[in-house]
Amino acid sequence: MDKRKVDVAIIGAGTAGMVAFSAARKHTGNLVLIEGEHYGTTCARVGCMPSKLLIAAAESAHNLHRAPMFGVEGGEVRIDGAAVMARVRRERDHFVGGVLESIERIPEELRLRGHARFVHPRQLQVGDGLQVEAERIVIATGSRPHVPGFLKEAKDRLLVNDDLFELEELPGSVAVFGPGVIGLELGQALSRLGVRVRMFGVGGSLGSIRDEAIRDYALKTFKAEFPLDPAADVRKVQRNGEGVVVSFVDGQRGEVTETFDYVLAATGRRPNVDGLDIQNADIELDDRGSPLFDRFTMRCGDSPIFIAGDANTDRPLLHEAADEGRLAGDNAGRFPDVRAGSRRTPLAVVFTDPQIASVGLTIQQVDEQCSGCFAVGKVSFENQGRSRVIGKNRGLLHVYGEHGSGLFLGAEMFGPAAEHVAHLLAWAVQRRLTVSELLEMPFYHPVIEEGVRTALKDLNHQLSIGPAEADRCMDCGPGA
Ligand SMILES: Cc1cc2nc3c(=O)[nH]c(=O)nc-3n(C[C@H](O)[C@H](O)[C@H](O)COP(=O)(O)OP(=O)(O)OC[C@H]3O[C@@H](n4cnc5c(N)ncnc54)[C@H](O)[C@@H]3O)c2cc1C
Ligand SMILES: NC(=O)c1ccc[n+]([C@@H]2O[C@H](COP(=O)([O-])OP(=O)(O)OC[C@H]3O[C@@H](n4cnc5c(N)ncnc54)[C@H](O)[C@@H]3O)[C@@H](O)[C@H]2O)c1
């Protein structure tokens, strides 16, 4: 058995691990980055980037379909599934290539290949032939799709996000399980590319939406495009000669069976901590076996072990993985001089159409923290000027503010350009702006942000700060 002694070992060469490596390397040259499977990161290989590429193709198809609304006739829309998938992979490979170049810039002696697990709190077994003794360890092992047992009956026709982008052709039909973030993004994209999609959920949740009125509106909107039951009663999933048969109870028709080419499991993700023999790490775990850690230092208890990215389940998003990797790597490098870093305002965007966005505190958190001392400003985009101009006038925005202080606390949106609106609002929360201060900012005409102003005016009025919002805002043009 080979042995190696290092100051810092980082497990996982995904986004969090690579950023942790760079941060730790500023403090020591005696460190290793350990990768058990593929280089290239989940985000670039099978996550953010290929999913957005598929969505971009779907958006193009959708724009052709809706062109006649503007009096523009483009003839019959034909989707070349093989070409769609080829572009997804070609562009995906471009992004993965960028990551691989960064990996190659790391000296070879600092990169180890092999699955790592804890033997002792400071000792890792890497693959079969190497033991690494590390003064400090960063766990950055990411997450993987969770597939409920009954879906495994789909056998060779079961897909998870990792497999979908490898299909040579677009399938004819897909049963999507899980109307969460991944299910909605991929399911809607497939549907807009001409794939017959039916979506099944449990418990009624939809994407990341926490505000009930917005959830109901979004559900109605998605259901107009493809069948979606967020609280489905699925009786059986079975592979047969033709594909996968799904038996489920339909409100009107009773028990129904429908056959699909594939089942896509988008039923949540699990952190990759169970394969680490974490019980040997001598750190405290929660009741699901995940390490307890401080989200400002990423440190597990008072140990020299840190955890970053999806592995800790806190905010499984790319920019958070990078921030956490930086904090964890810096602290592992400078240990024992551990320092707390600041965390950014929560910001999440789901790339459906309309998009879903959440910023700052959720409605439940506002309720908890302000115990009734808050108000909700609202706008519908149905009659919003710019949204109508571009034919994207669907959706709602709810903005939350605190009584007394007038502080802007958070927002949830299902609507046009939510990815951009959410950034403005997140920056405002992080700068601790009041609703009145936000209203002092310039608003151009005619833009979607005028809708944001309408919601903020409504909020200010409810907080009894500033003038009441007029039925039709005369200083902001028609339908603003
Ligand atoms: C379909 C999809 C779409 C997404 N879209 C978005 C998006 O639009 N925006 C966004 O912000 N986020 C998105 N995400 C989430 C984002 O991809 C993740 O939050 C982020 O990639 C997590 O990075 P990470 O470094 O924690 O994990 P990873 O990049 O998964 O890295 C973990 C690494 O650890 C390795 N590893 C695991 N166990 C071991 C071990 N024992 N020994 C050695 N190595 C090990 C793995 O092989 C892997 O390479 C998406 C995710 C998916 C699945
Ligand atoms: N745009 C983005 O930022 C983006 C995109 C994709 C993924 N992500 C990240 O990846 C994470 C994981 O996404 P996800 O969609 O896998 O998880 P999720 O938690 O968002 O959704 C899982 C969904 O599956 C449902 N579900 C669970 N068991 C089921 C069953 N047996 N049958 C039917 N439905 C079932 C859940 O009710 C939920 O709606 C997200 O939380 C997000 O952080 C982000």
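Note that ligands are numbered from 1 as they come in the structure, with each ligand's atoms numbered from 1 the same way. All heavy atoms count here, side chains included; hydrogens, waters and symmetry mates do not.
Considering backbone and side-chain atoms alike, Asp310 places an N or O below 3.5 Å from some N or O of ligand 1. Between Leu186 and ligand 1, a contact under 3.5 Å exists for no N or O pair. At least one N or O atom of Ala16 sits closer than 3.5 Å to an N or O atom of ligand 1. Between Glu35 and ligand 1, at least one N/O pair is under 3.5 Å apart. The shortest N or O to N or O distance between Gly201 and ligand 2 is not below 3.5 Å. Close N/O approach between Gly183 and ligand 2 is not found [any backbone or side-chain N/O within under 3.5 Å].
Residues Glu225 and Arg192 are paired through a salt bridge, judged by an N-O separation under 4.0 Å between the basic side chain and the carboxylate. Classification of Asp323 and Arg326 as a salt-bridged pair holds, one side-chain N sitting under 4.0 Å from a carboxylate O. A salt bridge does not link Glu104 to Arg111: none of the charged side-chain nitrogens sits closer than 4.0 Å to a carboxylate oxygen. For the pair Arg334 and Asp330, the salt-bridge criterion is met [side-chain N within less than 4.0 Å of a carboxylate O]. Taking the charged nitrogens against the carboxylate oxygens, Glu320 and Arg343 do have a contact shorter than 4.0 Å, which makes a salt bridge. Classification of Asp314 and Arg295 as a salt-bridged pair holds, one side-chain N sitting under 4.0 Å from a carboxylate O. Under a 4.0 Å N-O distance rule, the pair Arg4/Glu133 does not qualify as a salt bridge.
Residue nearest to atom 13 (C) of ligand 1, selected from Ala311, Cys48, Gly309, Gly183: Cys48 (by heavy-atom distance). Nearest residue to atom 40 (C) of ligand 1 from Gly40, Gly36, Ala116 is Ala116 (criterion: closest heavy atom).
With respect to atom 19 (O) of ligand 2, the closest heavy atom belonging to the protein is Gly268 CA, 4.4 Å. Among all protein heavy atoms, the one lying closest to atom 39 (O) of ligand 2 is Ser205 OG, 3.3 Å. For atom 12 (C) of ligand 2, the nearest non-hydrogen atom of the protein is Arg269 CD, 3.7 Å. Taking atom 42 (C) of ligand 2 as the reference point, the nearest protein heavy-atom neighbour is Pro316 O, 3.6 Å. Remark: minimum distance from atom 32 (N) of ligand 2 to any protein heavy atom is reached at Val202 CG1, 3.8 Å. From the protein, the heavy atom lying nearest to atom 21 (O) of ligand 2 is Gly180 CA, 3.2 Å. The closest protein non-hydrogen atom to atom 29 (C) of ligand 2 is Thr267 CG2, 3.4 Å. Nearest to atom 15 (O) of ligand 2 among the protein's heavy atoms is Ile182 N, 2.9 Å.
Under the 4.5 Å side-chain criterion, counting only non-hydrogen atoms from C-beta, Met199 is not in contact with Gln188. Under the 4.5 Å side-chain criterion, counting only non-hydrogen atoms from C-beta, Leu219 is not in contact with Tyr217. By the 4.5 Å heavy-atom criterion applied to side chains, Ile214 and Leu397 are not counted as neighbours. By the 4.5 Å heavy-atom criterion applied to side chains, Pro121 and Asn280 are not counted as neighbours. With contacts defined as side-chain heavy-atom distances shorter than 4.5 Å, the pair Glu242/Phe260 does not qualify. Side chains of Val174 and Leu186 form no contact here, defined as non-hydrogen atoms less than 4.5 Å apart. Two residues are said to be in side-chain contact when any heavy atoms from C-beta on lie closer than 4.5 Å; Val176 and Phe226 fail this criterion. The shortest side-chain heavy-atom distance between Val8 and Glu135 does not fall under the 4.5 Å cut-off.
Here Val349 has backbone heavy atoms under 4.0 Å from ligand 2, and that is the only part of it that gets that close. Using a 4.0 Å cut-off between heavy atoms, Ser51 contacts ligand 1 through its side chain alone, with no backbone atom that close. Under 4.0 angstrom from ligand 1, there are no non-hydrogen atoms of Glu185. The part of Ala321 lying near ligand 1 is the side chain, judged by heavy-atom distances below 4.0 Å. Only the side chain of Asn161 comes within 4.0 Å of ligand 1, judged by heavy-atom distances. At a heavy-atom cutoff of 4.0 Å, ligand 1 is contacted by both the backbone and the side chain of Thr42. The part of Ala140 lying near ligand 1 is the backbone, judged by heavy-atom distances below 4.0 Å. Using a 4.0 Å cut-off between heavy atoms, Thr141 contacts ligand 1 through both its backbone and its side chain. Residue Glu185 touches ligand 2 through its side chain alone, judged by heavy-atom distances below 4.0 Å. Contact annotation: for His38 versus ligand 1, heavy atoms closer than 4.0 Å belong to the backbone alone.
Atoms of ligand 1 found under 4.0 Å from any heavy atom of Glu37, numbered from 1 in the order shown, are 47 (O). In the vicinity of Lys52, heavy-atom distances shorter than 4.0 Å reach the ligand 1 atoms 5 (N), 6 (C), 7 (C), 8 (O). Taking every heavy atom of Pro148 and a limit of under 4.0 angstrom, the matching atoms of ligand 2 come to 31 (N). For ligand 2, the atoms closer than 4.0 angstrom to any heavy atom of Phe150 are 31 (N). Close approach of ligand 1 to Val46 (heavy-atom distance below 4.0 Å) involves ligand atoms 1 (C). Ligand-side atoms of ligand 2 in range of Ala266: 22 (C), 23 (C), 24 (O), range being under 4.0 angstrom from any heavy atom. If you number the atoms of ligand 2 from 1 as listed, the ones under 4.0 Å from a heavy atom of Gly178 come out as 23 (C), 24 (O), 25 (C), 33 (C), 34 (N). In summary, the atoms of ligand 1 found under 4.0 Å from a heavy atom of Gly14, numbered by their order in the structure, are 25 (O), 28 (P), 29 (O), 31 (O), 33 (C). Near Pro316, meaning under 4.0 Å from one of its heavy atoms, ligand 1 places the atoms 15 (C), 19 (O). Close contacts between ligand 1 and Ile11 involve ligand atoms 40 (C), 42 (N), 43 (C) [criterion: under 4.0 Å to a heavy atom]. Residue Phe351 has at least one heavy-atom neighbour below 4.0 Å for each of these atoms of ligand 2: 1 (N).
Figure legend: Arg45 and Phe95 shown without cation-pi pairing, the cationic atom not lying both under 6.0 angstrom from the six-membered ring centre and within 45 degrees of its axis. Cation-pi geometry between Arg136 and Phe306 is not satisfied (NZ or CZ under 6.0 Å from the ring centre, within 45° of the ring normal).
For Pro179, the closest heavy-atom approach to ligand 2 falls below 4.0 Å.
Note: Phe222 and Phe414 have perpendicular aromatic rings, judged against thresholds of 30 and 60 degrees for the angle between ring planes.
Not a single donor-acceptor pair under 3.5 Å links the side chain of Arg25 to the backbone N or O of Gly333.
None of Asp162, Asp274, Asp310 except one satisfies the salt bridge (charged side-chain N to carboxylate O under 4.0 Å, His left out) rule with Arg144; the exception is Asp274.
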Derivation and outcome, side-chain hydrogen bond (donor to acceptor under 3.5 Å, both in side chains), residues Tyr400 and Asp367: CA-CA 10 Å; Tyr400 316 132; Asp367 197 19; over 6 Å; no
